[in-house]
Asks: 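The structure that follows is given in the form of structure tokens.
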Amino acid sequence: MDMLKRCTVFITAAVLSVTPITALAATGTAISSVSLSISSEIEAGESGGDVTVNSSSSKFSVSDVMVTNEPDDEWENGAKPKLKVILEAEDDYYFASGFSKSSVNLSGSDGTVSSVSRSSSELIVYITLDALEDEEGDYDLTVDNLEWDEENGTAFWDECEDANKYEVRLYRGSSTITSTFTTTYTSYDFSSYMTQSGYYFFKCDCQ
């Protein structure tokens with residue numbers, strides 16, 4: 001009799017243990033990617049500024065948009081507004097597991113997806129907009145004094161105060177020798193690309 005009771009208790013516990021797993025299973029149609037359109041009115045030299053995020057999808061809606069690094073005073077040149085966008089899945093839909101930054105497509109105002117955080121019913125997308133530029137043009141993006149070190153093939157130029165980075169490209173006569181390289185320094189070593197005799201020059205732009 002005691003053995004029968006013990007077996008009955010064991011079987012009952014085993015059946016109950018699988019019940020929560022069944023209840024947690026997602027139901028409906030999975031959302032594996034989202035497309036968002038961003039419209040930003042934030043400007044350098046101004047305070048505040050509205051940001052609108054829309055989607056034409058019927059599978060989810062944009063429930064909230066927040067600027068997480070809004071300054072106390074004015075936006076400065078080069079500042080990058082950061083957004084927190086909350087999406088909610090509609091009935092009979094859920095955000096699929098494994099959702100990543102690459103699953104989010106952006107259009108409109110330029111920006112990149114920094115990270116995402118999901119639950120089955122909610123997706124939070126963190127977005128960093130491109131650096132702000134003063135529309136009145138009171139900043140200097142001119143690169144001056146382009147020079148060569150003829151002994152080692154290194155290009156030099158003066159620092160551009162308002163630049164975030166520099167883009168350089170090497171030429172020989174009328175031919176383009178390299179693709180565009182990006183650097184944050186005010187020099188670039190082209191020596192490994194100068195393999196033939198000829199007249200070499202380089203171009204440099206800053207951003």
Side-chain angles (χ1 to χ4, degrees), residues 32-46 49 51-55 67-69 71 74-85 98-117 125-207:
S32 58
S33 64
V34 299
S35 296
L36 303 175
S37 175
I38 304 173
S39 177
S40 173
E41 297 180 3
I42 297 175
E43 296 181 1
E46 302 289 338
V51 179
T52 303
V53 179
N54 293 309
S55 176
V67 180
T68 61
N69 65 332
E74 298 178 346
W75 290 98
E76 297 182 354
N77 285 333
K80 297 181 178 181
K82 297 182 178 181
L83 311 179
K84 178 181 179 181
V85 182
F99 221 96
S100 66
K101 295 189 297 183
S102 61
S103 303
V104 182
N105 301 309
L106 302 180
S107 62
S109 298
D110 292 333
T112 57
V113 179
S114 304
S115 63
V116 297
S117 174
V125 183
Y126 296 92
I127 299 170
T128 301
L129 299 182
D130 285 359
L132 300 175
E133 296 181 357
D134 193 330
E135 293 184 353
E136 295 181 359
D138 57 353
Y139 53 94
D140 184 13
L141 291 178
T142 303
V143 182
D144 295 319
N145 296 327
L146 278 64
E147 297 180 356
W148 281 109
D149 184 328
E150 296 181 358
E151 293 184 359
N152 60 22
T154 300
F156 295 91
W157 56 90
D158 285 352
E159 180 180 3
C160 180
E161 182 177 353
D162 296 313
N164 293 317
K165 59 185 178 181
Y166 303 93
E167 294 183 343
V168 294
R169 178 177 289 187
L170 179 67
Y171 298 83
R172 184 180 68 247
S174 60
S175 301
T176 303
I177 303 303
T178 69
S179 57
T180 299
F181 300 121
T182 300
T183 180
T184 57
Y185 299 102
T186 56
S187 64
Y188 198 90
D189 182 3
F190 284 111
S191 59
S192 61
Y193 301 97
M194 304 172 73
T195 58
Q196 300 180 23
S197 61
Y199 172 72
Y200 287 89
F201 67 96
F202 72 97
K203 293 183 179 180
C204 179
D205 297 305
C206 61
Q207 296 184 357

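Excluded from the calculations below are hydrogen atoms, water molecules and symmetry mates; all remaining heavy atoms, backbone and side chain alike, are included.
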Asks: Checking Asn69 side chain against Lys80 main chain: does a donor-acceptor pair fall under 3.5 Å?
Replies: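 It does hold such a pair.
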Asks: Report the distance from atom NZ of Lys203 to atom CG of Leu146, rounding to the nearest 0.5 Å.
Replies: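 If we round to the nearest 0.5 Å, Lys203:NZ and Leu146:CG are 11.0 Å apart.
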Asks: Do Asp189 and Asn152 have side-chain heavy atoms sitting under 4.5 Å apart?
Replies: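 Answer no - side chains too far apart.
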Asks: Quick one: do the Ser114 and Thr128 side chains pair a donor with an acceptor below 3.5 Å?
Replies: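 Yes, Thr128 and Ser114 have a side-chain donor paired with an acceptor closer than 3.5 Å.
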Asks: Please report the closest heavy-atom contact between Ala155 and Trp157, naming both atoms and the distance.
Replies: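 Minimum heavy-atom separation between Ala155 and Trp157: O-CZ3, 3.8 Å.
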Asks: Restricting to non-hydrogen atoms, name the atom on Leu106 and the atom on Val113 that form the minimum distance, rounded to 0.1 Å.
Replies: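 Answer, listing the atom of Leu106 first, then Val113: CD1-CG2, 3.8 Å.
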Asks: Tell me the closest heavy-atom pair linking Ile42 and Gly49, and the distance in Å.
Replies: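 The answer is CG1-O, 3.8 Å.
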Asks: Okay, side chain of Ser40, backbone of Ser109: is any donor-acceptor separation there less than 3.5 Å?
Replies: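 Checking the backbone N and O of Ser109 against the side chain of Ser40, no donor-acceptor pair under 3.5 Å is found.
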Asks: Between Cys206 and Tyr166, which heavy-atom pair has the shortest distance, and what is it?
Replies: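 Shortest heavy-atom separation between Cys206 and Tyr166 comes out as CB-CD2, 3.6 Å.
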Asks: Got a sec, which residues hit ring-ring contact (aromatic ring centres under 6.0 Å, His included) with Tyr126, two or more places apart in sequence or on another chain?
Replies: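 Tyr126 satisfies ring-ring contact (aromatic ring centres under 6.0 Å, His included) with no residue once adjacent residues are dropped.
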Asks: Once ring-ring contact (aromatic ring centres under 6.0 Å, His included) is applied, do any residues pair with Trp75, and if so which ones, sequence neighbours excluded?
Replies: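 By the ring-ring contact (aromatic ring centres under 6.0 Å, His included) rule, Trp75 matches no residue at all.
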Asks: About how many Å separate CG of Asn77 and CG of Leu132, when rounded to the nearest 0.5 Å?
Replies: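 If I round to the nearest 0.5 Å, the distance is 8.0 Å.
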Asks: Yes or no on side chain to side chain contact (heavy atoms under 4.5 Å, CB included) for Asn145 and Phe156, after CA distance, side-chain angles and deciding distance?
Replies: CA-CA 8 Å; Asn145 296 327; Phe156 295 91; over 6 Å; no
Asks: For Asp110, which residues count as a side chain to side chain donor-acceptor pair (under 3.5 Å) partner, sequence neighbours excluded?
Replies: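 With sequence neighbours excluded, Asp110 shows a side chain to side chain donor-acceptor pair (under 3.5 Å) to no residue whatsoever.
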Asks: More than 12 non-hydrogen atoms from neighbouring residues, nucleotides or ligands closer than 6.0 Å to CD on Glu74, yes or no?
Replies: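 Yes, the 6.0 Å shell around CD holds more than 12 heavy atoms from other groups.
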Asks: Do the two ring centres, one from Trp148 and one from Phe202, sit under 6.0 Å apart?
Replies: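 That pair passes the under 6.0 Å test.
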Asks: Return the OG to CZ distance between Ser197 and Arg172, rounded to the nearest 0.5 Å.
Replies: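 That separation rounds to 8.0 Å.
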Asks: Residues in side chain to side chain donor-acceptor pair (under 3.5 Å) with Ser107, at least two apart?
Replies: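 In terms of side chain to side chain donor-acceptor pair (under 3.5 Å), with neighbours along the sequence ignored, Ser107 is linked to no residue.
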Asks: Begin with the C-alpha distance, continue with both residues' side-chain angles, and end with the deciding distance and a verdict on side chain to side chain contact (heavy atoms under 4.5 Å, CB included) for Thr112 and Lys101.
Replies: CA-CA 9 Å; Thr112 57; Lys101 295 189 297 183; over 6 Å; no
Asks: Can Leu129 and Ile127 be said to form a side chain to side chain contact (heavy atoms under 4.5 Å, CB included), step by step?
Replies: CA-CA 6 Å; Leu129 299 182; Ile127 299 170; 4.2 Å; yes
Asks: Taking side chain to side chain donor-acceptor pair (under 3.5 Å) as the cut-off, I'd like each qualifying pair that reaches into residues 173-186, sequence neighbours left out, listed once.
Replies: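 Of all non-adjacent pairs touching residues 173-186, those that pass side chain to side chain donor-acceptor pair (under 3.5 Å) are Arg169-Thr180.
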Asks: Could you check whether any side-chain heavy atom of Leu83 comes within less than 4.5 Å of a side-chain heavy atom of Thr68, counting everything from C-beta outward?
Replies: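 Counting from C-beta outward, Leu83 and Thr68 never come under 4.5 Å.
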Asks: Would you please name every residue forming a ring-ring contact (aromatic ring centres under 6.0 Å, His included) with Phe190, sequence neighbours left out?
Replies: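 With neighbours one apart ignored, the set is Tyr188.
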Asks: Tell me whether the centres of the aromatic rings in Phe181 and Tyr193 are closer together than 6.0 Å.
Replies: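 So the answer is yes for these two rings.
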